[in-house]
Amino acid sequence: MVQTLVIKIGTSSLTQPTTGQLALSTIATLVEILSTLRQQGNRVVLVSSGAVGVGCARLGLIERPKTIALKQAVAAVGQGRLMRIYDDFFTALKQPIAQVLLTRGDLVERSHYVNVYRTFQELLRLGVIPIVNENDTVAVDELKFGDNDTLSALVASLVDADWLFLMTDVDRLYSADPRSNPDAEPISLVQSIEQLAEIKTIGSGSGWGTGGMVTKISAAQIATGAGVRTVIMQGQSPHNILKILAGEAIGTQFEPQPRPINARQRWIAHGLIPTGKLYLDDGAVKAIRKSGKSLLAAGIVQIEGEFESQDAVKLCDRSGHEIARGLVNYDHADLQKIRGHHSEKISEILGYVGADTIVHRDNLVLI
Ligand code: GLU
């Protein structure tokens, strides 16, 4: 079966832990595996970090840059080197590749999102392996993916992938920090949103949560929500990708959530950056979650943020836990006036006839 696979590899797997030099054998094995998967007819996308790390090695810097400008300059040096290495290795196997550098802002505008989507489709149709990284040299703080785990999950959602492999320096997740807690149990399979939320709590509440595990679990949440099966696995053993695809229980595997979302919904949920937060009463939460209803003004107890009409907002329960995302029909000032009121009163309160719903069900995606 032809599948769409997104593989993310981090700097820690691409470089030697002590010297910071490139881990050439890992890169070569990864290139072989990805080329094999391509030759079998699969659509393959590689999300690779390493621009900053390789840039530091090239310039002989002994520590990672601290200022933004230096980091951006070093990434500009490293990204070219990184692609040169990939191109040499892939070319040896006659596998064409492409460089795709993205910033968070590229996914916000619907027209840009669709454009990026089409470019990926064409590259995959041509049998090319796109190699994606954040465009570190121009990214500004407010429009950053921040880390390549998040970037890879958003790319997996964008290309409607079947699998996302997050390759890292641990073999799988554990119920506690295995370095300090002998009772830590390995976690092989995460099946439900509830189980995922529980693991996220363990991750952020322990030392084990640092070193990127929390961002990996958040990435798994984004990807599985978009219907992508996600795996956290050891970066030094790229062969395991083939074994996992053959059904072996390696790493920690997260099952995709069983509610398919279409391309527009994926853009609403993962492309847009929410600018506001609406707190809903229990009735509204139930109507949205269980009955697929639109959000009405009556169910809103509190609002946060300065948003315009048609911006993306988070829909949360009373305690602030996000349950859905959607496009809002009123700006924050008007919504403040009508929240808690019956829909029939909206025109009377605002002095104009607006939409009956605050977030229409067609523009709403459960998270
Ligand atoms: N884009 C960064 C780089 O190439 C890496 C970010 C990350 O690893 O999360 O160095």
Side-chain angles (χ1 to χ4, degrees), residues 6-17 19-23 26-27 30-31 45-87 89 97-107 116 129-158 164-170 203-204 209-223 230-236 238 270:
V6 176
I7 293 93
K8 184 258 164 179
I9 185 146
T11 308
S12 60
S13 308
L14 290 171
T15 51
Q16 312 283 1
T19 58
Q21 296 296 337
L22 283 167
T26 304
I27 299 176
L30 179 69
V31 165
V45 178
L46 174 62
V47 176
S48 177
S49 307
V52 177
V54 172
C56 286
R58 181 73 184 86
L59 295 170
L61 304 179
I62 36 177
E63 54 173 6
R64 279 177 81 87
K66 299 221 164 40
T67 66
I68 293 172
L70 181 58
K71 187 173 160 219
Q72 297 191 308
V74 169
V77 173
Q79 180 64 28
R81 295 286 309 151
L82 188 63
M83 287 309 291
R84 159 87 202 266
I85 293 154
Y86 277 125
D87 202 35
F89 278 63
I97 58 167
Q99 169 179 260
V100 179
L101 297 178
L102 295 173
T103 61
R104 185 68 184 82
D106 296 328
L107 304 185
V116 177
I129 297 183
I131 302 186
V132 186
N133 197 358
E134 178 150 21
N135 195 348
D136 293 311
T137 302
V138 298
V140 287
D141 250 355
E142 49 285 10
L143 285 177
K144 254 198 186 143
F145 294 101
D147 59 82
N148 277 9
D149 296 322
T150 310
L151 169 63
S152 66
L154 296 178
V155 167
S157 165
L158 178 85
L164 168 63
F165 295 91
L166 297 168
M167 299 179 70
T168 182
D169 47 5
V170 295
S204 44
T210 57
M213 275 310 133
V214 174
T215 60
K216 283 180 183 57
I217 299 166
S218 299
Q221 192 171 18
I222 293 173
T230 304
V231 187
I232 293 178
M233 60 176 281
Q234 179 80 261
Q236 276 136 4
H270 308 129

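Ligands are counted one by one from 1 in listed order, and the atoms in each one are counted from 1 as well. Please read all numbers here as calculations on a predicted model, not as lab measurements.
- Salt bridge annotation for Lys8-Asp149: present, with a cationic side-chain nitrogen under 4.0 angstrom from a carboxylate oxygen.
- Counting atoms of ligand 1 from 1 in the listed order, those under 4.0 Å from a heavy atom of Ser49 are 4 (O), 5 (C), 7 (C), 8 (O).
- Interatomic distance, Phe145 CZ to Leu107 CG, rounded to the nearest 0.5 Å: 4.5 Å.
- Here the closest non-hydrogen pair linking Val116 and Leu158 is CG1-CD2, 3.7 Å.
- Counting only distance, with no hydrogens or angles, the side chain of Asp87 and the backbone of Arg84 share no donor-acceptor pair below 3.5 Å.
- The contact set between ligand 1 and Val52, taken as ligand atoms under 4.0 Å from a residue heavy atom, comprises 3 (C), 10 (O).
- With Glu134 contributing its side chain and Thr103 its backbone, the two residues share no donor-acceptor pair below 3.5 Å.
- Here's the thing with Lys8: none of its N/O atoms is less than 3.5 angstrom from an N/O atom of ligand 1.
- Under a 4.0 Å criterion applied to the non-hydrogen atoms of Gly50, ligand 1 contributes the atoms 3 (C), 4 (O), 10 (O).
- Both the backbone and the side chain of Asn148 come within 4.0 Å of ligand 1, judged by heavy-atom distances.
- A donor-acceptor pair under 3.5 Å is absent between the side-chain atoms of Asn148 and the main chain of Leu151, judged by distance alone.
- Protein heavy atom closest to atom 2 (C) of ligand 1, with residue, atom name and distance, is Asp136 OD2, 3.4 Å.
- In the vicinity of Asp147, heavy-atom distances shorter than 4.0 Å reach the ligand 1 atoms 9 (O).
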